[in-house]
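Report on one structure; see the data block that follows.
What you see is a predicted model, and the numbers here were worked out from it, not measured in a lab.
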Amino acid sequence: QVQLVESGGELVQAGGSLRLSCAASGRTFSSYIMAWFRQAPGKEREFVAAISRSGTHTLHTDSVKGRFTISRDNANNTVYLQMDSLKPEDTAVYFCAARGDFSLGRVAADYNYWGQGTQVTVAS
């Protein structure tokens, strides 16, 4: 079992930056694949980025490549999403997710644990 709590979402101007954090409970954080998803109003939840258990491998969806970076700190049970060059279309609730597996995945249904989400609003 792992519990996830996101933070860092806020209102920002287009072109600005934010860093989201997701703090995980438990002593087995390093055994989980971690990911970020987002959901805009009226849209389905979509994959943003995932990171391997050691942090060696990452996967980012095409729309955020070069702008967003996922990272993790296993010593502090935290995963981050650094978001630069933000656009209004990045506006969404951002969710942290975890799954006990070896491979990075883009499918929300494959993740077992979810945080409550943090709102990111990008003003034009």
Side-chain angles (χ1 to χ4, degrees):
Q1 288 277 351
V2 61
Q3 293 183 324
L4 306 172
V5 179
E6 303 95 334
S7 62
E10 61 182 70
L11 172 65
V12 63
Q13 293 296 313
S17 297
L18 282 177
R19 189 176 80 156
L20 304 183
S21 299
C22 172
S25 65
R27 293 176 290 180
T28 59
F29 177 72
S30 61
S31 66
Y32 291 94
I33 298 288
M34 299 299 297
W36 287 95
F37 288 77
R38 66 186 180 186
Q39 188 166 18
K43 295 188 177 181
E44 293 187 355
R45 192 167 297 190
E46 68 168 343
F47 171 79
V48 177
I51 189 166
S52 63
R53 296 182 299 173
S54 66
T56 303
H57 301 288
T58 61
L59 180 67
H60 296 79
T61 196
D62 286 347
S63 62
V64 308
K65 281 182 182 176
R67 300 189 300 121
F68 291 10
T69 304
I70 188 171
S71 63
R72 68 189 296 163
D73 180 350
N74 285 344
N76 290 298
N77 286 10
T78 304
V79 62
Y80 303 98
L81 185 67
Q82 177 66 42
M83 305 188 294
D84 298 318
S85 301
L86 282 160
K87 303 175 181 180
E89 51 263 43
D90 295 320
T91 295
V93 177
Y94 282 71
F95 297 91
C96 175
R99 70 174 191 163
D101 205 332
F102 295 96
S103 61
L104 303 179
R106 300 173 178 264
V107 180
D110 292 339
Y111 286 80
N112 308 104
Y113 305 102
W114 292 84
Q116 82 290 348
T118 185
Q119 176 71 48
V120 172
T121 303
V122 184
S124 57

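Pairs of residues two or more places apart, or lying in two chains, that qualify as ring-ring contact (aromatic ring centres under 6.0 Å, His included) and include a residue from residues 102-124 are Tyr32-Tyr113, Phe37-Tyr111, Phe37-Trp114. Contacts classified as ring-ring contact (aromatic ring centres under 6.0 Å, His included) and involving residues 78-101 (residues at least two apart or in different chains) are not found.
When side chains are defined from C-beta on, Thr118 does not count as touching Ser7, because their heavy atoms never get closer than 4.5 Å. Counting heavy atoms from C-beta outward, Ile70 and Val79 have side chains that approach closer than 4.5 Å. Side-chain contact check for Arg38 versus Val64: some heavy-atom pair is nearer than 4.5 Å. Between Arg67 and Asp90 the shortest side-chain heavy-atom distance falls below 4.5 Å. With contacts defined as side-chain heavy-atom distances shorter than 4.5 Å, the pair Leu18/Glu10 qualifies.
Hydrophobic clustering, with ILVMFWY side chains joined whenever heavy atoms are under 4.5 angstrom apart, keeps Trp36 apart from Val93. Cluster membership for Phe29 and Leu104, using ILVMFWY side-chain heavy atoms within less than 4.5 angstrom, is not shared. A continuous path of ILVMFWY side-chain contacts below 4.5 Å connects Ile33 to Phe47, so both sit in one hydrophobic cluster.
Of all heavy-atom pairs spanning Arg53 and Ser30, the tightest one is CB-O, 3.1 Å. What you find for Ser124 and Ala14 is that their closest heavy atoms are CA-CB, 4.3 Å. Nearest heavy-atom pair, Ala98 versus Leu4, reported as atom, atom and distance to 0.1 Å: N-CD1, 3.9 Å. In terms of heavy-atom proximity, Asn76 sits nearest to Thr78 at O-OG1, 2.8 Å. The two residues Ala24 and Val2 come nearest to each other via the heavy atoms CB-CG2, 3.8 Å.
Counting non-hydrogen atoms of other residues, nucleotides and ligands closer than 6.0 Å to CD of Gln3 gives a total of 12 or fewer.
Looking at residues two or more places apart in sequence or on another chain, you find no side-chain contact (heavy atoms from CB on, under 4.5 Å) involving Ala23. Every side-chain hydrogen bond (donor to acceptor under 3.5 Å, both in side chains) that Gln119 has, sequence neighbours left out, goes to Thr121. Scanning for salt bridge (Lys or Arg N to Asp or Glu O under 4.0 Å) contacts around Asp84 gives an empty result, with sequence neighbours left out. Partners of Lys87 according to the salt bridge (Lys or Arg N to Asp or Glu O under 4.0 Å) rule, which considers only residues two or more places apart in sequence or in another chain, do not exist here.
Side chain of Arg72 to main chain of Ser52: a donor-acceptor pair is present (N/O by atom type, distance under 3.5 Å, no hydrogens or angles). A donor-acceptor pair is defined here as one N or O able to donate and one able to accept, closer than 3.5 Å; such a pair exists between the side chain of Glu6 and the backbone of Gly117.
Atom CE of Met34 is separated from atom CG of Asn77 by 9.5 Å, given to the nearest 0.5 angstrom. The CZ atom of Arg99 sits 13.0 Å away from the OG atom of Ser31 when rounded to the nearest 0.5 Å. Atom CD of residue Gln39 and atom CD of residue Glu44 lie 8.5 Å apart, to the nearest 0.5 angstrom. The CZ atom of Arg106 sits 4.0 Å away from the CG atom of Leu59 when rounded to the nearest 0.5 Å.
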